[in-house]
K.L.:
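Structure incoming, see below.
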There are 2 protein chains.
Amino acid sequence: MTYAKTGWTALADPTRRTIFERLVERPCSVSELASALPVSRPAVSQHLKVLKDAGLVADTPSGKHRIYRVDPAGLAALRTELDQFWSKTLAAYKLAVEQPPEEQ
Amino acid sequence: MTYAKTGWTALADPTRRTIFERLVERPCSVSELASALPVSRPAVSQHLKVLKDAGLVADTPSGKHRIYRVDPAGLAALRTELDQFWSKTLAAYKLAVEQPPEEQ
DNA sequence: GCGACGCGTAAGTATATCCTTACGCGTCAG
DNA sequence: CTGACGCGTAAGGATATACTTACGCGTCGC
């Protein structure tokens, strides 16, 4: 079942995460990304499509090139989700601390 | 299993993310998790193993049962990584705003 | 116009992933 | 001790994923 990809799925693949980390540093074109990776250029294109579908990157045509950059909105969405995990986990721990003398 | 699993890979699968979200709410046993999911109990065990290898959950034998709970350390590591993405993205944007003129 | 460059997409293939059933080990009730 | 329960793991199969090469389209320099 190939449902809509979420940011988690998009960042799961190591190659895709490497691409994303590079775009976090600065915007980049496809061939520039591919030249720094051990995979072919079309593979990079396919990864960028996944990242774009997940809302994590955006592209801007610039003449012959196409510049990809991180989309802050998608990244913020992931951050929000993770923060909810975090606060809920802390809340559960606070409740659990009532009984054992576990402390950090 | 090509490489060592990271938290991103662990949370990529929808079923696994559902399990994790449930553990975020409160600790749970394997069969309790399985009864609330459309997959078999062994499948849940395998997912929990992945989450455990990624450092996202921890297990505690409790008599006949085995209680799984979220490991705050692993979650914090993911949060840190994501925060770095975020701050770097913001920094890149700040630079782009301050120095908009680009060579052509 | 014409060729080169950059990029996206299609088609095909190898591998990884997720799920299932079957089975073995430890724990608790009787 | 014996049987039932909870769980992990092995083995196998169906699907998804990531990569490759081949090709088509738009843009730029000559």
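Scope of the values below: all heavy atoms of this structure, side chains included, with no hydrogens, waters or symmetry mates. Model, not experiment: these values are computed from the prediction. Naming convention: chains lettered A, B, ... in sequence-line order (proteins, then strands); numbering from 1 in each chain.
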K.L.:
May I ask you to verify if any side-chain N or O of B:Tyr68 is less than 4.0 angstrom from the OP1 or OP2 atom of D:dG6?
P.N.:
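No, because none of the side-chain N or O atoms of B:Tyr68 sits under 4.0 Å from OP1 or OP2 of D:dG6.
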
K.L.:
Examine D:dC7: is either OP1 or OP2 under 4.0 Å from a nitrogen or oxygen in the side chain of B:Ser29? Give yes or no.
P.N.:
yes

K.L.:
Does C:dC18 have its OP1 or OP2 closer than 4.0 Å to a side-chain nitrogen or oxygen of B:Arg16?
P.N.:
yes

K.L.:
Determine yes or no for a side-chain-to-main-chain donor-acceptor pair under 3.5 angstrom, with A:Arg17 supplying the side chain and A:Leu11 the backbone.
P.N.:
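Here the side-chain-to-backbone pair exists.
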
K.L.:
Given atom CG of B:Leu51 and atom P of C:dC18, what is their separation to the nearest angstrom?
P.N.:
10 Å

K.L.:
Which is more 5' along DNA chain D, the nucleotide nearest A:Pro42 or the one nearest B:Ser31? Just name the residue.
P.N.:
B:Ser31

K.L.:
Please state whether the phosphate of C:dT9, meaning OP1 or OP2, lies under 4.0 angstrom from any side-chain nitrogen or oxygen of A:Ser45.
P.N.:
no

K.L.:
Before accepting this row, confirm whether a basic side-chain N of the pair B:Arg16/B:Glu21 lies closer than 4.0 Å to the acidic partner's carboxylate O.
P.N.:
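Between B:Glu21 and B:Arg16 there is no salt bridge, as every charged N stays at least 4.0 Å from the carboxylate O atoms.
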
K.L.:
If you only use heavy atoms from C-beta on, which nucleotide in D:dC7, D:dC19, C:dC7 is closest to the side chain of B:His65?
P.N.:
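The nucleotide sitting nearest to the side chain is D:dC7.
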
K.L.:
Take A:Thr80 and A:Gln84 through the side-chain contact (heavy atoms from CB on, under 4.5 Å) test and state the conclusion after the steps.
P.N.:
CA-CA 6 Å; A:Thr80 300; A:Gln84 285 177 5; 4.0 Å; yes

K.L.:
By nearest atom, which of the nucleotides D:dC5, D:dC19, C:dC5 is closest to the A:Lys64 side chain?
P.N.:
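Output: C:dC5.
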
K.L.:
Please tell me which of A:Gly63 and A:Arg41 maps to the more 5' nucleotide of DNA chain D, matching each residue to the nucleotide holding its nearest heavy atom.
P.N.:
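With A:Gly63 and A:Arg41 compared, the 5'-side residue is A:Arg41.
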
K.L.:
C:dT20 phosphate, OP1 or OP2: any side-chain N/O from B:Ser40 under 4.0 angstrom?
P.N.:
yes

K.L.:
What is the distance from CG of A:Asp59 to P of D:dG26, rounded to the nearest Å?
P.N.:
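Going from A:Asp59 (CG) to D:dG26 (P), I get 17 Å.
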
K.L.:
Under 4.0 Å between a Lys/Arg side-chain N and an Asp/Glu carboxylate O for B:Asp53 and B:Lys5?
P.N.:
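No, this pair does not count.
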
K.L.:
Does a side-chain N or O from A:Lys5 land closer than 4.0 Å to OP1 or OP2 of D:dT17, or not?
P.N.:
yes

K.L.:
Can you find an N or O donor on one side and an acceptor on the other, under 3.5 Å apart, linking the side chain of A:Gln46 with the base of D:dT20?
P.N.:
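Side chain to base: pair present.
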
